[in-house]
J.: 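First the structure, which I've put down as structure tokens, then a few questions once you've had a look.
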Amino acid sequence: MLNRYARAAMAKIMTPVARLFLRLGISPDVVTIVGTLGVCAGALAFYPRGEFFWGTVVITCFIFSDTLDGNMARMSGRSSVWGAYLDSTLDRVADAAIFGALVLWYAGDGQNLTMAGLALACLILGMVVSYSKARAEGLGMTANVGIAERSERLVAVLVTTGLVGIPWLHLPTAVLGVVLALLAIFSFITVLQRMLTVRRQALDAAK
């Protein structure tokens, strides 16, 4: 859902920036790597200290590199298998940093093992969601289904975490807990959807 509409809107916004970077001689791969490092730095430097708002601000400044590098690759005619592989691999690193940083806070000074468990569940299931699609494609099948793709998960966790981190809003931790629980459930459902889709294709191929 967000992949279709939000990405299209962001692509238009990022086009002037992509042109500028290309004129400066910056490659799409560099943008991918710097964006991932920025997301990891924002998450791991702030979230484990409970500074959710500023961590989210830093992450947001870099998270759109995922759209920017793709724009640059298309505009320069440098789209490649390597670029797609690098982008997809580093996306997993960024996701792990965000949810892993939440685990560190709640398992440590945050002193809330339930929240730590929910964040860990989101981290693990998010990886399985991505793997289930990649493995299907590696076997010559498709798994382009699911109610909790990467964009949806990131928007949900970053918006909620950022809002919880604003002191004067006084949003309870339970709000983030509900979002993490829903993300874990939706991710689990997405994995099941993809497994059933691949199973159907595998059975059809065996006939």
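Quantities reported herein were computed from a predicted structural model and do not represent experimental measurements. Side chains included, hydrogens not; waters and symmetry mates left out as well; all remaining heavy atoms used.
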J.: Between W105 and M115, is there a shared hydrophobic cluster once you connect ILVMFWY residues whose side-chain heavy atoms come closer than 4.5 Å?
T.: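 Per the 4.5 Å side-chain linkage, W105 and M115 are co-clustered.
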J.: Does the side chain of F53 come within less than 4.5 Å of V164's, by heavy atoms?
T.: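 V164 vs F53: side chains apart.
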J.: Do the side chains of T173 and Y106 get nearer than 4.5 Å, heavy atoms only?
T.: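 A side-chain contact under 4.5 Å exists here.
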J.: Once you round to the nearest 0.5 Å, how far does CG of D69 lie from OG1 of T32?
T.: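 Between atom CG of D69 and atom OG1 of T32 there are 3.5 Å.
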J.: At their closest point, which heavy atom of C122 faces which heavy atom of L183, and how far apart are they?
T.: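 Nearest pair, atom of C122 first, then L183: SG-CB, 3.8 Å.
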J.: Are V191 and L182 connected, step by step, through hydrophobic side chains (Ile, Leu, Val, Met, Phe, Trp, Tyr) whose heavy atoms are closer than 4.5 Å?
T.: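 Different clusters: V191 never reaches L182 through Ile, Leu, Val, Met, Phe, Trp or Tyr contacts under 4.5 Å.
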J.: If you define the side chain from C-beta out and look only at heavy atoms, does anything of L37 sit under 4.5 Å from F62?
T.: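 L37 does not reach F62 side chain to side chain.
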J.: Restricting to side chain to side chain donor-acceptor pair (under 3.5 Å), what partner residues turn up for T161, sequence neighbours left out?
T.: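 Scan of T161 (side chain to side chain donor-acceptor pair (under 3.5 Å), adjacent residues dropped) gives none.
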J.: I'd like to know if the side chain of Q201 and the backbone of T197 have a donor-acceptor N/O pair within less than 3.5 Å.
T.: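 Checked: pair present.
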J.: Distance check, rounded to the nearest 0.5 Å: T15 atom OG1 versus N71 atom CG?
T.: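 Taking OG1 in T15 and CG in N71, the distance rounds to 4.5 Å.
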J.: Should L113 and V103 be regarded as members of a common hydrophobic cluster, given that ILVMFWY residues are connected when their side-chain heavy atoms come within less than 4.5 Å of each other, either directly or indirectly?
T.: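 Not linked; separate clusters.
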J.: To the closest 0.5 Å, what do you measure between CG (L176) and CG (L171)?
T.: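 The CG atom of L176 sits 10.0 Å away from the CG atom of L171.
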J.: Quick one: closest heavy-atom pair of G35 and S65, and the distance?
T.: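 Of all heavy-atom pairs spanning G35 and S65, the closest is CA-OG, 3.3 Å.
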J.: Identify which one of T56, L169, V179 satisfies the side chain to side chain contact (heavy atoms under 4.5 Å, CB included) criterion when paired with L163.
T.: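 Single pass found, and it is L169.
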J.: Do you know which two heavy atoms are closest between V93 and C40, and how far apart they sit?
T.: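 V93 and C40 have their closest heavy atoms at CG1-SG, 3.8 Å.
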J.: Any donor-acceptor pair under 3.5 Å linking the side chain of R194 with the backbone of V129?
T.: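 Yes; judged by distance alone, with no hydrogens or angles, the pair exists.
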J.: Working to the nearest 0.5 Å, report the span between CG of D91 and CG of L154.
T.: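 D91 CG to L154 CG: 8.0 Å, rounded to 0.5 Å.
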J.: I'd like to know if the side chain of E152 and the backbone of I147 have a donor-acceptor N/O pair within less than 3.5 Å.
T.: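 No, the answer is negative, given that no donor and acceptor are paired below the 3.5 Å cut-off.
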J.: F188 vs I185, test: side-chain contact (heavy atoms from CB on, under 4.5 Å). Steps then yes/no.
T.: CA-CA 5 Å; F188 180 72; I185 293 169; 5.7 Å; no
J.: Please answer whether the main-chain N or O of F186 pairs with a side-chain N or O of T190 as donor and acceptor at a distance below 3.5 Å.
T.: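 Yes: the side chain of T190 pairs with the backbone of F186.
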J.: Between T89 (side chain) and L86 (backbone), is there a donor-acceptor pair under 3.5 Å?
T.: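 Between the backbone of L86 and the side chain of T89 there is no qualifying donor-acceptor contact (under 3.5 Å).
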J.: Using 0.5 Å steps for rounding, measure from the CG atom of L104 to the OH atom of Y47.
T.: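 OH of Y47 is found 13.0 Å from CG of L104.
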J.: With a 6.0 Å cut-off on the ring centroids, do F52 and F46 count as close?
T.: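 No, ring centres 6.0 Å or more apart.
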J.: For A143 versus V198, what's the shortest heavy-atom pair and its separation?
T.: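 The pair with the smallest heavy-atom distance is CB-CG2, 4.1 Å.
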J.: Working to the nearest 0.5 Å, report the span between CZ of F21 and OG of S76.
T.: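 Answer rounded to 0.5 Å: 13.5 Å.
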J.: Ignoring hydrogens and geometry, is there a side-chain-to-backbone donor-acceptor pair from S27 to V30 under 3.5 Å?
T.: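 It does hold such a pair.
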J.: Picking from T36, V58, V39, what satisfies side chain to side chain contact (heavy atoms under 4.5 Å, CB included) with I63?
T.: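 Only one option passes, and that is V39.
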J.: Considering non-hydrogen atoms only, spot the tightest contact between L44 and A101 and give its length.
T.: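 In terms of heavy atoms, the two residues are closest at CD2-CB, 4.0 Å.
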J.: Please tell me whether I33 and I59 are part of a single hydrophobic cluster in this structure, the criterion being side-chain heavy atoms less than 4.5 Å apart.
T.: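 They do not share one cluster, since no chain of ILVMFWY contacts under 4.5 Å joins I33 to I59.
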J.: Report yes if some heavy atom in the side chain of V157 is under 4.5 Å from a heavy atom in the side chain of L102; otherwise report no.
T.: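 In contact.
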J.: Does L180 belong to the same Ile/Leu/Val/Met/Phe/Trp/Tyr cluster as M127, with side-chain heavy atoms less than 4.5 Å apart forming each link?
T.: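 Yes; tracing contacts between hydrophobic side chains, which count when under 4.5 Å, links both residues.
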J.: With sequence neighbours excluded, what pairs up with S132 under the side chain to side chain donor-acceptor pair (under 3.5 Å) test?
T.: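 Listed in chain order: nothing, the list is empty.
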J.: Please name the pair of heavy atoms, one in M72 and one in A18, separated by the smallest distance, quoted to 0.1 Å.
T.: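 Closest heavy-atom pair between M72 and A18: CG-CB, 3.6 Å.
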J.: Is there a side-chain contact (heavy atoms from CB on, under 4.5 Å) between K133 and N144 once you walk through the steps?
T.: CA-CA 7 Å; K133 181 178 179 180; N144 297 318; 2.9 Å; yes
J.: Quickly, which of V175, V178, V155 forms a side chain to side chain contact (heavy atoms under 4.5 Å, CB included) with T160? Name it, please.
T.: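 Among the candidates, only V175 passes.
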J.: Assess, by modelled atom type and distance only, whether the side chains of R92 and S130 contain a donor and an acceptor separated by less than 3.5 Å.
T.: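 Judged by distance alone, the side chains do pair up.
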